[in-house]
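The next block holds one structure in the form of structure tokens; read it before the comments.
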Amino acid sequence: MSENGQGSKLTGNFRVRAVRASFSAVRRLFPKAADRAEIRRQALKLRFWPEKKPAMESGRLLDLDWDWIRALKGLDIGELRIADEIGGLDNIRVVFFVGNKKVRQPLPIIWVLHVMQRKRMEFTAADLATFKARRLLVIEWFYRLRS
Amino acid sequence: MSTLTTHSRMSQGPDIDRPAGALFAKVFAEGYLEASESVKEVIESMSRIVNDPAADEDERSAALDTLVDALFPPRRPEDLGVDLESLEEGNSSPARCVRAAMNRQEARFARVVRKLMKDRGMTQKELAEKIKVGQPAVSMILSRRCRPQQATVKKIAKALGVETTMLWA
């Protein structure tokens, strides 16, 4: 591939879509376009999420660590941990939801629900309610409307 | 537009003028009334967080963004959210410049790492073991299907016995 060719080629097991609300968070956290692009390329690693649901609570996706959010067990909501400091922020998390794998366009979709700087050991009740709410909107407006 | 202006009053603090407040209330009420029961629950729970004095700024902002999403549903399922790969193909000038710079970094990195591995007779599997990632991660980084984290770049530099700056500019 040439130096000017596109990196992060369009391959993988999933498409990655971000809900509108997550964009607002990214814009607030990262005013610089370069930082937003960095976050986007890290989040795009979710394309390579395993097709078969991982049985373990946490693991590695390429060079990123991930965990299921334990307080939301069974809802297929996880967090991708970015180790780098980006835009002066550390402990950046990409919260994602693995959508219904039977719905393919042509690949199933992983939804980015939120991007945040994690400041506490545990997610707060408000954080969890927000993740659940965004997941519900995706199910209601994407998966139910299509069926 | 004047009806949507937010006035800042020195004596009373920021306030929304009455027509804007009425418009907001109308939009909110319409969005709420047209929503399904489950979306109504979302609107209610997010409104509680927005109005919770104990919530911090981040929590309130996230809840407010969710509330806006809930009140303005997409016209078609396909309009929900944005495909991150299509953003990678975006053609605006700043996006092109940023993308070109990132692509150059990744291409140079892959080229130099490949050469150093060859010089040292190191396989992808051996490099992967040294930096504690799976071999597919190394393969994808070298074929530029994923962008390494800086933490990974540092580990690779250490494994190859070179300065990070030699790999990543």
Side-chain angles (χ1 to χ4, degrees), chain A residues 1-12 15-25 28 33-34 36-38 40-48 60 62-64 82-85 105 111-112 114 116-117 119 124 126-127 129-130 132-134 136-138 140-143 145-146, chain B residues 36 38-39 41-42 45-46 48-49 52 55-56 58-63 65-66 68-70 73-74 76-78 80-85 87-89 94-95 97-108 110-111 131 133-134 136-137 140-141 143-152:
Chain A
M1 189 180 290
S2 75
E3 299 250 330
N4 295 321
Q6 185 180 348
S8 308
K9 290 195 293 185
L10 312 182
T11 53
R15 301 290 290 182
V16 184
R17 286 183 80 85
V19 300
R20 192 167 48 184
S22 69
F23 271 91
S24 308
R28 250 195 319 275
R36 293 197 295 272
E38 186 69 48
R40 186 167 64 239
R41 287 210 174 168
Q42 297 302 326
L44 270 169
K45 289 175 183 167
L46 286 167
R47 284 176 299 167
F48 302 104
R60 287 213 114 186
L62 301 175
D63 65 342
L64 294 175
I82 297 177
D84 289 349
E85 191 176 295
Q105 273 204 330
W111 298 85
V112 173
H114 196 35
M116 63 189 293
Q117 184 188 28
K119 295 172 182 169
T124 64
D127 291 334
T130 302
K132 265 174 82 174
R134 292 183 185 181
L136 191 144
L137 295 178
V138 167
E140 182 85 7
W141 289 333
F142 191 81
Y143 295 102
L145 286 181
R146 295 173 69 87
Chain B
S36 66
S38 51
V39 175
E41 280 176 29
V42 166
S45 70
M46 293 299 105
R48 277 196 294 274
I49 296 170
D52 181 357
D56 69 21
D58 292 342
E59 291 169 330
R60 224 174 274 139
S61 298
D65 291 335
T66 313
V68 171
D69 271 5
R76 303 172 305 154
E78 293 75 23
L80 184 68
V82 179
D83 189 301
L84 292 191
E85 281 162 310
L87 279 184
E88 279 287 319
E89 294 149 18
C97 289
V98 167
R99 205 167 51 231
M102 292 174 100
N103 288 345
R104 276 195 302 274
Q105 277 177 328
E106 291 173 18
R108 181 176 177 278
R111 193 181 63 236
I131 65 170
V133 300
M140 287 194 200
I141 288 168
S143 60
R144 297 182 52 210
R145 281 181 288 169
C146 82
R147 180 174 174 85
Q149 292 198 93
Q150 284 309 296
T152 308

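In this text the structure is predicted, and so the values were computed from the model without any measurement. Side chains are part of it too, since the values below use all heavy atoms of this structure and drop only hydrogens, waters and symmetry mates.
- Looking at A:L137, both its backbone and its side chain come within 4.5 Å of chain B, counting heavy atoms on both sides.
- Ranked by heavy-atom pairs under 4.5 Å with chain A, the first of B:P74, B:C97, B:A110, B:S45 is B:P74.
- Under 4.0 Å is where a charged nitrogen must lie from a carboxylate oxygen, and between B:D56 and A:K119 no such pair does.
- Chosen from A:R28, A:K132, A:M116, the residue pairing most often with chain B at heavy-atom distances under 4.5 Å is A:R28.
- Salt bridge B:D83/A:R15: present, at least one basic N to carboxylate O contact under 4.0 Å.
- Partners of B:D52 according to the salt bridge (charged side-chain N to carboxylate O under 4.0 Å, His left out) rule, which considers only residues two or more places apart in sequence or in another chain, do not exist here.
- Among A:E85, A:R17, A:H114, A:R36, the residue with the largest count of heavy-atom pairs under 4.5 Å with chain B is A:R17.
- Contacts of B:M102 with chain A are made by both backbone and side-chain atoms, with heavy-atom separations under 4.5 Å.
- Interface remark: B:L80 contributes backbone and side-chain atoms alike to the contact with chain A (heavy atom separation under 4.5 Å).
- Contact of B:A55 with chain A is not made at all, since no heavy-atom distance falls under 4.5 Å.
- Both the backbone and the side chain of B:P148 come within contact range of chain A, with heavy atoms under 4.5 Å apart.
- For A:E38, the parts lying near chain B are the backbone and the side chain together; criterion is any non-hydrogen pair under 4.5 Å.
- Applying the salt bridge (charged side-chain N to carboxylate O under 4.0 Å, His left out) rule to B:E78 yields the partners A:R146; only residues at least two apart in sequence or on another chain are considered.
- For A:L64, the parts sitting under 4.5 Å from any heavy atom of chain B are the backbone and the side chain alike.
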